[in-house]
Amino acid sequence: MSLQAKALTAHLEQLRGCSLCPLMIGPVVTHHTVLSKIYLCGQAPGTYEGKFGKPFAWTAGKTLFRWIQRTGVDEELFRSRAYMGAVCRCFPGKNAKGGDRVPNLQEISNCSAWMKTEFELLKPELVIPVGRLAIELFLPKQKLTESVGSSFRKELFGITCDVIPLPHPSGASTWFKVEPGVSLLAKGLDLIKTHPSWLSTFPESAT
Ligand code: SF4
């Protein structure tokens, strides 16, 4: 195992033991040791991700991986070569009004420290935030129509990378099912599949 892989493995072990946020519900959901130049950032795990021990393990994941399949990369291949993080790695619990609770600023700040270490270790070149909360971690607050379908060159945690946002694939969302969401999602997926880091990580997707 390379030094970088050992460092990421040690990082993940530490992260899995985190209990910094009193309102969050464990277990901590993480990816595994994948040294990748692609960093997909979700929002926070839902009810089932902890049980399956991986991000995007339930219905939203099915939609997300259907989108990714359109680039020529299936779920198994994506999970094995791209790194998956999230704004928060624990389930925030349910909102009294329905849906999952949105993590508070302190929780987002707490969990960003783990992400910072991952950026320093992996130095990602392509960052794919999925959903508004993840997008707003990296880009100024703006309408989804101004972020999805575009690529933004940014410096994040001291690392220069391209940020290509995707909408949240939640079944409760209709944004990506109607125009302009349908076309902007397709444009975003095109930008992802032609990004140099995507092509070098998934050369088979170009054929
Ligand atoms: S959300 Fe992040 S910082 Fe908070 S307890 Fe879970 S892993 Fe730790």
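Just so you know, ligand 1 is whichever comes first in the structure, and atom 1 is the first atom listed for that ligand.
Looking only at protein N/O/S atoms, the ones less than 2.8 Å from atom 2 (Fe) of ligand 1 make 1 in total.
Ring geometry for Y39 versus F119: interplanar angle of 30 to 60°, hence tilted.
A pairwise comparison of heavy atoms in Y83 and L12 identifies OH-CD2, 3.3 Å as the closest pair.
Under a cut-off of 6.0 angstrom, the local environment of CZ in F52 is crowded, with over 12 non-hydrogen atoms contributed by other residues, nucleotides or ligands.
No close placement of the H168 and W175 rings is indicated, their centers lying 6.0 Å or farther apart.
With hydrogens and angles disregarded, no donor-acceptor distance shorter than 3.5 Å links the side chain of K141 to the backbone of E136.
A salt bridge links E107 to R101: at least one charged side-chain nitrogen sits closer than 4.0 Å to a carboxylate oxygen.
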